[in-house]
Amino acid sequence: MAKKVLFINQEISPYVPDSELSLMGRNLPQAIQEKGCEIRTFMPKWGNINERRGQLHEVIRLSGMNIIINETDHPLIIKVASIPTSRIQVYFIDNDDYFTKRLMAQDENGDDYADNGERAIFFTRGVLETVKKLRWTPDIIHCQGWMSAITPFYVKTAYHDEPSFADTKVVTSLYGNSLKSPLGEDFKKFVEFKDANAECLAKYKDNFDFNELTKLAIDYSDGVIEAGKDVDPELLDYATAHNIPLLKNPGEDFAGPYTDLYEEICK
C-alpha cells in the first residue's frame, strides 16, 4: 500500500540558496513521490524568500490560527507554491515576528537569532496544526534540519491522541551543526505544550544546544538517517545506543534505502 509521507524541511531549493539541506529538501520529496507515495511538504517562509519570484500566495482557509508561545499569541499564516519543473507543492509557515522580517538561522551580522528556539516551536506546531486542518493522515513524518527537530517529541506527546497522528511514525535525518549558539535556558519552558511537559524534558540539559536538540529528536523518532556529510559521530552513537533503527548515508541513490526504512518502521 502506498504510504503517505509528510516532509518537514528546514530548507528547500530553489526558494533558498543551494545547500546540502536545501537540495535534499527539494530532491527527496520528488524521489519518494516517484516511488508511488503521496506526499505533503512544508518549510518556513524565511525572510530571504522572494515571494513574487517563487509565486507564493496565502491560503486563507488554512491561515488565521494563533499559536501561543511564552504566553504570547503569534498569528499563523500559511502560503503555498509549486516548485517549477516538478509536481511538488510546498506549504510555507509564516509569521511577521518570526519569519517575514528575518533571514534564516543567522542575522545580517552572522549571529544566531536569540529566539531560534521559539521559531522552531512555532514552525513545528504550525505544521502539525495545518496538517490537522487538511484532514490528511500521514503514515510517516520525515524531519530534515534543526527547525523540525522538535516534531518527533510533539508527535509522540502533545499530539499522540490526535487522529491525524495516532499511528504516525517519525523519521529524522541528521546533518551537521548549523547553529552557532544554544537555544537558551528558557527553551524547555517554551516547548511545554499539553502532554509535552517538563517531566518529559528532565533528562536533557537546561541549555539546549544543537546536539541536545538532536538527541531529543532521536529519542522520539522511529528511525534515523545519517543524511549529511558532517554528522557528529556522538549523535550516531547515541542513536545506536538507544536502539533506534539507523540508516547510514546511502549516497546519491537514496530513494530505495529511504523507502525500505519507511517500510521497516511501519511493520
Side-chain angles (χ1 to χ4, degrees), residues 6-33 39-58 77-124 126-127 142-151 172-181 183 209-211 213-214 217 225-232 249-252 254-255 258:
L6 170 63
F7 291 99
I8 306 181
N9 296 294
Q10 179 173 307
E11 303 170 24
I12 300 175
S13 174
Y15 300 108
V16 297
D18 285 357
S19 67
E20 193 176 45
L21 254 177
S22 70
L23 290 171
M24 188 58 98
R26 162 70 177 82
N27 296 330
L28 178 58
Q30 181 166 353
I32 297 304
Q33 183 171 263
I39 68 160
R40 295 285 187 277
T41 305
F42 282 79
M43 74 173 287
K45 212 297 287 178
W46 302 110
N48 59 334
I49 293 174
N50 187 313
E51 293 195 37
R52 181 180 299 175
R53 187 182 306 144
Q55 298 184 340
L56 277 66
H57 61 272
E58 185 174 351
I77 302 166
I78 307 298
K79 295 175 180 175
V80 70
S82 294
I83 298 177
T85 72
S86 82
R87 294 183 293 121
I88 305 296
Q89 189 177 60
V90 179
Y91 291 93
F92 296 84
I93 299 294
D94 200 3
N95 171 269
D96 285 348
D97 296 325
Y98 288 139
F99 297 114
T100 303
K101 300 168 186 174
R102 312 276 202 92
L103 299 178
M104 296 168 65
Q106 284 87 31
D107 63 19
E108 293 85 350
N109 298 317
D111 298 322
D112 283 4
Y113 288 107
D115 61 353
N116 272 339
E118 288 184 53
R119 299 169 85 203
I121 293 165
F122 179 87
F123 173 61
T124 295
V127 172
H142 194 141
C143 304
Q144 300 202 95
W146 66 264
M147 275 293 291
S148 66
I150 308 164
T151 305
T172 295
S173 283
L174 304 183
Y175 291 87
N177 186 355
S178 57
L179 286 177
K180 299 176 182 178
S181 306
L183 298 177
D209 58 12
F210 179 87
N211 275 23
L213 183 64
T214 306
I225 297 172
E226 180 191 6
K229 297 174 183 174
D230 300 312
V231 178
D232 189 333
N249 196 323
E252 294 182 7
F254 54 80
Y258 277 40

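Heavy atoms only: backbone and side chains are in, while hydrogens, waters and symmetry mates are out.
- Closest of all the heavy-atom pairs between Arg26 and Ser86 is NH2-CB, 3.8 Å.
- Partner Arg102 forms a side-chain hydrogen bond (donor to acceptor under 3.5 Å, both in side chains) with one of Asn48, Asp97, Asp115 and no other, that one being Asp115.
- Summarising the geometry of Ala105 relative to Trp146, their closest heavy-atom pair is CB-CZ2, 3.7 Å, with the distance given to 0.1 Å.
- The minimum heavy-atom distance between Gly145 and Leu21, with the atom names listed, is N-CD2, 3.9 Å.
- Side-chain contact check for Tyr98 and Glu118: at least one donor-acceptor pair (N or O, by modelled atom type) lies under 3.5 Å.
- The heavy-atom pair separating Ala149 from Leu213 by the smallest distance is CB-CG, 3.7 Å.
- Donor-acceptor pairing under 3.5 Å is lacking for the side chains of Glu226 and Asn249.
- Between atom CG of residue Asp111 and atom OG of residue Ser181 there is a gap of 7.0 Å, rounded to the nearest 0.5 Å.
- Under the 3.5 Å distance criterion, the side-chain polar atoms of Asn50 are matched with a main-chain donor or acceptor of Arg53.
- Within the 4.5 Å cutoff, the side chain of Gln89 has no heavy atoms near those of the Thr41 side chain.
- Within the 4.5 Å cutoff, side-chain heavy atoms of Ile39 are placed close to those of Pro29.
- Here the side chains of Gln10 and Trp46 are in contact, with some heavy-atom distance below 4.5 Å.
- Nearest heavy-atom pair, Gly117 versus Ile150, reported as atom, atom and distance to 0.1 Å: O-CD1, 4.5 Å.
- Rounding to the nearest 0.5 Å places CG of Asp230 at 12.5 Å from CG of Leu174.
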Dump the intermediate steps for side chain to side chain contact (heavy atoms under 4.5 Å, CB included) on Ile78 and Tyr91, then the final yes or no. CA-CA 7 Å; Ile78 307 298; Tyr91 291 93; 4.1 Å; yes
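- Shortest non-hydrogen contact noted between Pro44 and Met147 is CG-CE, 4.0 Å.
- Taking the side chain as every heavy atom from C-beta outward, Leu56 and Ile49 approach each other to under 4.5 Å.
- No donor-acceptor contact under 3.5 angstrom links the side chains of Thr100 and Asn95, judged on distance only.
- With hydrogens and angles ignored, the 3.5 Å screen pairs a side-chain donor or acceptor of Ser22 with a backbone N or O of Pro17.
- Here Lys180 does not pair with Asp112 in a salt bridge; the nearest charged N to carboxylate O distance is not below 4.0 Å.
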Audit row: Val90, Met43, side chain to side chain contact (heavy atoms under 4.5 Å, CB included) steps and yes/no: CA-CA 7 Å; Val90 179; Met43 74 173 287; 4.0 Å; yes
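- There is a side-chain donor-acceptor pair under 3.5 Å between Ser19 and Glu11.
- Residues Met104 and Ser178 fail the side-chain proximity criterion, which asks for heavy atoms closer than 4.5 Å.
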Test Asp209 against Leu179 for side chain to side chain contact (heavy atoms under 4.5 Å, CB included), laying out the working first. CA-CA 8 Å; Asp209 58 12; Leu179 286 177; over 6 Å; no
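- For Gln55, the CD atom is loosely surrounded, since the number of other residues' heavy atoms within 6.0 Å does not exceed 12.
- Looking at Gln144 and Leu28, their side chains come closer than 4.5 Å, going by heavy atoms from C-beta outward.
- With a 4.5 Å cut-off on side-chain heavy atoms, Ile83 and Pro14 count as touching.
- Distance check, rounded to the nearest 0.5 Å: SG of Cys143 to CZ of Phe42 gives 12.5 Å.
- Interatomic distance, CD1 of Ile93 versus CZ of Phe99, reported as 8.0 Å (0.5 Å rounding).
- Atom-to-atom distance recorded for Thr214:OG1 and Asn177:CG is 7.5 Å, nearest 0.5 angstrom.
- Between the side chains of Asp232 and Asn211, at least one donor N or O sits under 3.5 Å from an acceptor N or O.
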After noting the C-alpha distance and the side-chain angles of Glu20 and Lys229, does the key distance pass the side chain to side chain contact (heavy atoms under 4.5 Å, CB included) rule? CA-CA 9 Å; Glu20 193 176 45; Lys229 297 174 183 174; 3.2 Å; yes
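- At least one side-chain heavy atom of Ile8 sits under 4.5 Å from a side-chain heavy atom of Phe123.
- Taking the six-membered ring where the residue is Trp, His142 and Tyr258 present parallel rings, their angle staying beneath 30° rather than reaching 60°.
- Between the side chain of Asn27 and the backbone N or O of Leu23 there is at least one donor-acceptor pair closer than 3.5 Å.
- For the residue pair Tyr113/Gln106, the side-chain donor-acceptor check at 3.5 Å is not satisfied.
- Remark: aromatic rings of Phe92 and Tyr15 are close, center separation under 6.0 Å.
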